Amino acid sequence: MENFITDIIEEDLREGRIDGVVTRFPPEPNGYLHIGHAKAVCINFGIREAYHGKCNLRFDDTNPTKEDVEYVDSIMEDIRWLGFEWDELHYASDYFDQIYEFALKLIREGKAYVCDLTAEQIKEYRGTLTEPGRNSPYRDRTPEENLKLFEEMRAGKFKEGEKVLRAKIDMASPNLNMRDPVLYRILFASHHRTGDKWCIYPMYDFTHPISDALEGITHSICTMEFEDHRPLYDWVVDNCGFEKKPHQYEFARLNLTNTIMSKRFLKRLVEEGKVSGWDDPRMPTLCGIRRRGYPPEAIKTFCEEVGVAKAVSEVDFAMLEHAVRDELNRKAERAMCVKNPLKVVLSGFDGPEEAVFEVNPNEEEKRERKIRFSREIYIDAEDFSENPPPKYHRLKPGGVVRLKGACIIAFEEAVKKPDGSLDYLRCSVVPHSHSGADTSGVKCKGVIQWVSAEEARPVTLRQYDSLLNPEIPEGDFMERLTPDSEHLFSAFAEPYAADAPTGTRFQFLRMGYYIKDRDGSFIEIVGLKDSFRK
Ligand code: ATP
Ligand code: MG
């Protein structure tokens, strides 16, 4: 890992500005993590690994109305799935007492005041990018008055929106975030951890720098939209009096083509029943991607290849699929499955009754597996053509084809049903053509997968289109959804695959990569063909 942030870290270490690097990943527990978050996870935990530092997991839970333990649990599971473990686990809400004390300190020092303007008035007084703001009429309250009012806010004496605590900075600052930002608001909401202890809650911009400083975070890494908040971050750190100062650095968030990357929108898909849940295999959530069969190693490789930069860009989804395919090509076991079963009856079948199948030709140590071979097998109906186009190398009248791991078979007859449709094929085994010991001298260009009819197990295959229709590149995403993006097929698979534990990934020969889902069906992870161009 090497990027502008690691350059900064290395310089900080070299110059002795820090003894060690401490980062944190600070999700808000208001939804499930998505592939964009994986990038932030990989950056923060990747730095921990590269510099033997520390990385904390901190739930940024200052928004009681939108947060829930369900999300807390899923976030921890997802980070661990990616292969990372945090040093310390924190909740911003654990700091509420301390944050409150810092607010009192600012009030006493005349750096914060209670303001009675409504949210709308505050906005109006704030000014614009071209016009300075106006001071609130409540700006000059004495510290004593402010202390009393703030304590009354905490005691529940005022209604929501009636009063807020604001920092007293500069209403003429060219940075809107510095124009007396709100530090605390009143919310009569139960918090998933602190219950009803508080009816005032600190804002993100106040909570985050304090939490970072309390944990000794050295590099507080976040996405570009917080760049304009950095002066406020520094103001809070300085004015709360922290000696060891954390610093904020921003990078560009990950955007993927044709992919919804916002918890809010993903939540809508779940709530409006457009998908089966947060872990629907079409969802870009980490649990969805996990269920879909993307290996965590591939996600890490992908994040590494995307890199860390400040310029916002959109990454081709095919690049993620490329990383997944590459990982699976190296790691996934091969197995056989036929999608449109066509029965083939073999004559001249004199054994062996087992075919030998290589588990994965890309493994260093060759592993083989025996497969039942029998007089009746199924092949994919697409691998036979009565009127083949030129250069058709699969089964055709007068032709031969190799059965993977078994032998060459020669076409004899296409047996029809009374209505004229194809019933089954009769083929003959070419003598001495067994795979690995072929002395037949028969030239055979095509190799196809097959399943023994004695053992063939019916399985359901599930294939998915992307949730967003690539043909509608803009507009309200709810209107961009692909209709009927789930496709089911029945197929025959070898028992080895059909009986594999949930979560096992296979390359189904000549078909694609599949993962066994919890209901016993197989979800297509990615196809075999790579559409990604660097
Ligand atoms: P969303 O917009 O999807 O709700 P968020 O930014 O509100 O995401 P947080 O829980 O606040 O979600 O995010 C936790 C961390 O993950 C933050 O540091 C945030 O900057 C980072 N993050 C969120 N989305 C992305 C993304 N698309 N690419 C990179 N980092 C991201
Ligand atoms: Mg956020």
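Start at 1 and go down the list; that is how both ligands and their atoms are numbered. The structure displayed is predicted, hence computed values, not measured ones.
Every atom of ligand 1 with a heavy atom of Glu28 under 4.0 Å away is listed here by number and element: 9 (P), 10 (O). Atoms of ligand 1 lying under 4.0 Å from any heavy atom of His34, numbered from 1 in the order shown and given with element: 3 (O), 24 (N). Below 4.0 Å from some heavy atom of Ala40 lie the following atoms of ligand 1, by number and element: 16 (O), 21 (C), 30 (N). For ligand 1 and Ser262, the ligand atoms under 4.0 Å from any heavy atom of the residue are 3 (O).
When non-hydrogen atoms are compared, ligand 1 lies under 4.0 Å from neither the backbone nor the side chain of Phe226. If you look at Arg264 next to ligand 1, there are no close heavy atoms at all, none under 4.0 Å.
Checked by atom type, the side-chain pair Arg462/Ser521 shows a donor-acceptor distance below 3.5 Å. Side-chain atoms of Asn175 and Asp228 include no donor-acceptor pair closer than 3.5 Å.
Under the side chain to side chain contact (heavy atoms under 4.5 Å, CB included) criterion, His247 pairs with Lys245, Tyr249, not counting sequence neighbours. For Tyr32, the ring pair (Phe, Tyr, Trp, His ring centres under 6.0 Å) partners two or more places apart in sequence, or in a different chain, are Tyr71, Trp278.
Across Phe206, Tyr184, Phe242, Phe96, a single residue satisfies ring pair (Phe, Tyr, Trp, His ring centres under 6.0 Å) together with Phe102, and that is Phe242. With respect to Tyr513, the side chain to side chain donor-acceptor pair (under 3.5 Å) criterion is satisfied by exactly one of Arg325, Glu524, Gln507: Gln507.
Distances between N or O atoms of Gly36 and those of ligand 1 include at least one value under 3.5 Å. The shortest N/O to N/O separation between Lys39 and ligand 1 does not fall below 3.5 Å.
For atom 22 (N) of ligand 1, the nearest non-hydrogen atom from the set Lys267, His37, Lys263, Lys66 belongs to His37. Scanning Asp60, Leu254, Asn30, Thr223 for the heavy atom closest to atom 19 (C) of ligand 1 points to Thr223.
The closest approach between Glu225 and ligand 1 stays at or above 4.0 Å for every heavy atom of the residue.
The aromatic ring centroids of Trp198 and Tyr100 lie less than 6.0 Å from each other. Aromatic ring centres of Phe522 and Tyr514 lie farther apart than the 6.0 Å criterion allows.
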